[in-house]
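Data first, discussion second: the structure below is written as structure tokens.
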Amino acid sequence: MNNIEQIIKEAFEKIENADSVSIEAVRLEYLGKSGALTSILKSLSQYSIEEKKQIGARANRAKVLIEEAIEIKKEKLKKCALDERLAKEKQDFSSSFYFNFSKGSLHPVLQTIESIGAVFKSLGFDVAEGPEIETDRYNFEALNIASDHPARDTQDTFYLEGTNNLLRTHTSPGQIRVMEKQNPPVKVIVPGRVYRNEASDASHSSTFHQIEGLCVGGNITFADLKSVLTSFAHKFFGRDLNIRFRPSHFQFTEPSAEADMQCFFCKGKGCRVCKNSGWIETLGCGMVHPNVLKAVNYDPEKYSGYAFGIGVERIAMLKRGIDDIRLFYENDLRFLKQF
Amino acid sequence: MKVSYNWLKKFVDFDLSAWELAKMLTSIGVETSVISSPAAWSGVITAQVLDVQKHPNADKLSLCKVTDGQNQYSIVCGAKNIAAGQIVPLSKIGAVLPGNFEIKKSKIRGVESEGMICSESELGLKEKSDGIFVLPQDAPVGIPLEKVIGDDDFILEVEITTNRGDVLSHLGVAREICAKLKKTPVLPIIKTPNTASYSIAKVESNLCQRYIGCIISGVKVGPSPKWLADSLEKCAIRPINNIVDITNYVMLEFGQPLHAFDISKLSSKNVIVRTAQEGESITALDGRQYKLDDDMLVIADSSKAVAIAGVMGGEYSGIDNSTDTVFLESAVFNPSSIRKTSKKLNLSSDSSYRFERGIGWDITELASWRAANLITELAGGKIEVREDIAAAGYEKTDITLRIERVSKLLGYKIESDEIAEILRFLGIDLQPRGEVILCSIPSWRNDIKEEVDLIEEVARINGYDNIPTPAQQDHVVYTPSNSFFPKIAQSFRIKLSGMGFSEALNYSFSEISELDFFGLKYHYKIANPISKENETLRPSLLPALYKNVKLNVSQGAQSVALFEYGKIYADFGERKTFAVIMCGNVWREWWMWSEKKINPQYDFYFGGGIVKNILPCAEFEIAENLKPAPYFHPGKTACVIYRGKTVGQFGVLKPSVSQDVKNDVFYFEIDLENLQDWHSDANSLYKRYSKFPEVKRDVSVFADKSLPFVKIEKTIKGIMKSGGILSDYSLFSVYDDETKLGEGKISYSLRLSYRNAERTLTDEEVNKDMNDLIDKLDKEIGVKLRI
């Protein structure tokens with residue numbers, strides 16, 4: 001009897017110490033054809049029925065126990081072997097990875113147009129576009145800028161040879177084109193390139209982008225203008241920043257205003273970016289001048305509206321701390337890939 | 001324009017600091033900032049440095065002996081620029097510097113200092129300064145510093161909008177202050193003595209609307225009194241002599257430019273206001289000669305032009321120390337005429353700046369009298385004769401303001417009393433008539449022309465801050481449908497940026513020489529470019545993108561992959577265009593290059609693969625480029641066809657245009673004008689796919705080298721479309737060893753995939769289908785199986 005207990009004890013010890021090769025030998029030693037337990041079971045015939053029952057039961061139990069122990073050990077050894085292999089396969093995450101396309105990027109100016117556009121779309125503005133090659137009528141006359149008006153001085157214009165056409169100096173001709181095509185109500189933004197014939201420097205570029213906004217309807221007021229631009233400012237720059245409106249002058253709006261954002265770097269405390277004023281000039285706006293409405297055959301007695309214009313590069317420069325507008329058009333990958 | 005704070009106070013009594021004033025003016029549309037302030041110190045005197053010795057205990061400090069003329073002081077100083085003999089500002093014990101910093105007796109490194117020698121930044125005169133403030137050598141010693149530099153005034157910088165010429169004077173700014181503070185400006189007392197009134201001027205052109213001439217005899221020309229010279233200098237105008245200074249003073253005071261002639265230098269006792277004669281020219285006060293056109297207004301004597309009206313006086317008719325009799329001019333000239341003249345001559349002055357923006361009719365007379373008064377007062381003499389010619393007459397502007405329109409446009413209610421009060425303090429004559437107010441606009445407000453201008457006045461004086469900002473509510477309900485980018489451009493942008501390409505943005509211009517280089521022609525030329533870069537509008541995105549490649553290669557980039565969406569200016573006008581350029585290694589350098597031996601370049605095949613990848617292939621076909629752009633390598637180019645029309649081209653640039661770059665430069669340009677309506681999901685119904693296993697077969701065929709592979713593809717695609725079991729194919733090997741294949745032959749190895757939607761395929765089925773394909777290739781294009 002004790003012999004069986006002894007066998008179990010021995011077997012467990014051997015299993016414990018076995019490795020993935022010797023485990024099979026252990027199995028054969030106890031459970032194989034000539035294994036210790038097998039031979040006990042084979043020799044049962046020499047015992048009485050009572051003894052047979054007892055020894056048989058105990059030997060079978062021992063067999064099950066040893067089988068289980070071997071299985072468990074085998075699983076354990078498998079897991080160890082896998083762990084060992086994985087440990088050996090360790091690769092260095094700090095060295096560069098296989099897939100080595102360089103990072104792609106979208107241009108910061110167009111990204112800015114998209115994000116400003118998305119805000120205005122959420123405020124119910126549609127998107128329209130107009131040509132860059134314009135006529136004097138669309139760029140100036142219809143916008144209440146007569147040919148001898150000093151306002152033309154501030155917008156040096158590129159003219160095209162052989163025609164009277166010009167490159168638009170602002171996106172405002174888009175207002176006229178939209179209103180000519182449809183009756184009120186109108187609520188659109190017109191993003192696009194504009195041109196000024198002036199020497200370029202860190203803050204001036206012959207080519208830049210604007211987003212024009214226009215809303216005309218039966219009952220549009222200055223309060224609506226303030227409201228829509230305040231919503232834009234909060235959505236685009238942040239809820240915690242204020243916007244203020246200052247009287248200004250544009251030929252095609254009356255009353256006109258300049259909107260300043262509270263500086264988003266210092267939150268209005270005053271810093272280098274806002275030249276210590278706490279405010280940043282952000283956009284020009286106003287109520288559409290009756291002469292502009294008349295130019296597109298809208299009755300200014302029936303309809304009123306507001307318009308605004310945003311300089312895209314300026315916003316992108318402020319937001320990303322870019323100090324030279326020419327960087328946008330140089331296309332050095334070290335610049336582009338930062339966006 | 002520079003404005004003196006103290007001078008403003010002569011016109012209106014107000015209780016605002018300079019900074020409060022600047023803020024208030026800015027809030028009503030007159031952008032103002034304080035640019036210089038009076039002394040912000042006390043107890044600082046001028047002193048002379050007698051001696052400079054090294055500090056015994058510190059290398060960087062010196063021991064100085066300074067004097068205020070009576071006592072000597074010993075001062076420890078850290079500035080490098082200190083030297084014996086200098087006149088410097090000295091803060092004695094008890095002096096107070098900006099920031100309430102009091103100077104006390106102190107020991108510095110064991111040596112006592114009886115005060116401090118100051119720098120400009122310590123005095124609050126500059127934000128930063130290097131070393132101590134060295135005063136002029138002739139500055140008196142021992143007097144308060146503020147007597148030597150500056151005085152007790154604030155100087156403001158006022159920026160006006162183009163419509164507000166009336167604000168270009170101290171009176172103009174004062175009127176704005178009055179409007180906001182509801183006060184009335186106080187004008188200086190003007191004496192209008194009786195004078196003779198024979199004719200001294202003749203106006204021959206209607207470009208001069210009013211001309212007041214005045215002859216003052218017996219004047220003594222000399223330097224101006226200090227208050228007058230100081231007033232001009234504060235506003236950045238150089239004092240010259242009392243007569244000229246008075247004309248400038250009155251311009252700064254009332255905004256009316258004046259001109260004074262020495263009558264003895266004119267060939268006649270009277271002047272003529274006329275347009276210039278053909279070929280006439282004049283030497284102006286700046287010493288330069290100007291050729292005049294016949295639409296330019298001049299002031300002339302009987303023989304020649306003596307001044308360019310409203311712009312600049314002539315050199316030989318001005319006031320000098322020998323002048324005895326002055327002809328004083330105060331006039332209203334046509335603003336756009338002055339503007340044109342000034343632009344044409346490229347000559348502008350304080351005078352033309354104001355005339356261009358319009359002069360108030362009444363101000364002209366006021367200024368004429370004021371200057372004459374000051375001349376007789378400060379230079380002596382007597383007003384001999386005065387003539388006032390109102391050549392064009394003046395029509396007062398009358399506007400009817402409907403009270404309900406104010407609230408209707410601004411979006412909030414303002415009481416009619418309040419509206420009336422605002423307008424009254426702007427100097428507007430009012431007659432309230434129930435629902436309307438009849439307004440008579442003062443002559444200097446030429447910007448107020450119609451009702452809406454009055455509404456703006458009400459809004460700005462009442463304050464834009466007082467206009468409510470209601471929660472966003474839509475009077476106009478709209479469903480936005482358009483986007484900034486055409487859908488196809490947006491899909492290119494997203495795909496390419498994901499493949500490591502960067503988006504570029506270039507100017508819309510091209511230089512002609514640059515276009516010649518690429519064999520391109522411009523369709524739009526700029527008539528007035530200020531630089532060569534702006535000569536023409538770009539007919540292709542290539543020249544600029546190629547320049548970008550060159551720049552990046554020169555900066556050491558091994559791989560340049562860019563794309564741009566923008567307009568080109570072609571013979572059909574503006575066209576939305578998309579372009580891709582690439583050059584160099586596809587992948588960045590990495591340590592397994594040598595191990596894996598893969599380092600693909602952006603060549604024709606790789607680039608073409610990218611093009612194929614970004615194009616929604618079902619509708620776009622790549623075909624032989626029959627009309628390649630002049631810059632492509634003729635053997636490495638193809639075109640893109642959309643619904644039967646060529647919309648784009650791609651290829652490798654030919655060596656002669658890409659010589660500056662070592663590697664192949666691949667370029668793709670596609671016209672988007674006809675693809676605007678393209679929609680990624682328009683033609684893509686879901687396709688069922690088979691759940692049964694795929695059978696793959698490899699087959700090699702050989703063909704004439706001259707046969708484009710696309711023809712083989714076409715046959716294969718034809719079979720695929722006909723609904724058979726051929727589901728996919730790929731070209732996995734190309735072999736063109738002519739010694740083995742025969743001259744002009746090429747071999748392609750294709751891997752064909754077969755699937756059936758309902759069941760597993762048998763070998764027989766696949767063999768049959770494959771044989772059909774091989775037969776078809778042979779019959780249609782003479783491509784044979786290679787055994």
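Computed from a predicted structure; not experimentally measured. Numbers restart at 1 for each chain; the letters A, B, ... are given by sequence-line order, proteins then strands. All values below come from the heavy atoms of this structure, side chains included, with hydrogens, waters and symmetry mates left out.
For B:Glu450, the part lying under 4.5 angstrom from a heavy atom of chain A is the side chain only. Residue A:Ser147 touches chain B through its backbone alone, counting heavy-atom pairs closer than 4.5 Å. Heavy atoms of B:Asn552 lying under 4.5 Å from chain A belong exclusively to its side chain. No part of A:Ile189 comes within reach of chain B, as not one of its non-hydrogen atoms sits under 4.5 angstrom from that chain. Of the two parts of A:Tyr195, only the side chain, counted from C-beta on, holds a non-hydrogen atom closer than 4.5 Å to a non-hydrogen atom of chain B. For A:Asn165, no part lies near chain B; criterion is any non-hydrogen pair under 4.5 Å. Heavy-atom distances place both the backbone and the side chain of A:Glu301 under 4.5 Å from chain B. A:Phe328 touches chain B through its backbone: at least one of N, CA, C or O sits under 4.5 Å from a heavy atom, while the side chain does not. If you measure heavy-atom distances from A:Pro290 to chain B, the contacts under 4.5 Å come from the side chain alone.
Among the candidates A:Ser248, A:Ser304, A:Pro131, the residue making the largest number of heavy-atom pairs closer than 4.5 Å to chain B is A:Pro131. For chain B, the option among A:Val109, A:Thr230, A:Ile113 with the highest count of heavy-atom pairs below 4.5 Å is A:Ile113. With chain B as partner, the option from A:His289, A:Lys337, A:Arg193 having the largest number of non-hydrogen pairs under 4.5 angstrom is A:Arg193. Listed options A:Pro247, A:Ala223, A:Pro191 were ranked by heavy-atom pairs under 4.5 angstrom with chain B; first place goes to A:Pro247.
Between B:Asp295 and B:Lys344, at least one side-chain N (NZ, or NE/NH1/NH2) sits under 4.0 Å from a carboxylate O, which counts as a salt bridge. Salt bridge status for B:Arg575 with B:Glu673: absent, with no side-chain N to carboxylate O gap under 4.0 Å. The pair A:Arg246-B:Glu31 counts as a salt bridge, with a side-chain nitrogen and a carboxylate oxygen less than 4.0 angstrom apart.
Below 30°, between 30° and 60°, or above 60°: for A:Tyr329 and A:His107 the angle between ring planes is between 30° and 60°, a tilted geometry.
Aromatic pair B:Tyr569/B:Tyr522: centroids not less than 6.0 angstrom apart.
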**Study point:** Chi angles and distances behind the ring-ring contact (aromatic ring centres under 6.0 Å, His included) call for A:Phe245, B:Tyr464
**Key:** CA-CA 6 Å; A:Phe245 293 81; B:Tyr464 281 6; 7.6 Å; no
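The backbone N or O of B:Leu168 sits less than 3.5 Å from a side-chain atom of B:Arg354, completing a donor-acceptor pair. Proximity of a side-chain donor or acceptor of B:Asn534 to a complementary backbone N or O of B:Ile530 within less than 3.5 Å is not detected.
With a 6.0 Å cutoff to the six-membered ring centre and a 45° limit on the axis angle, B:Arg493 does not count as a cation-pi contact of B:Phe563.
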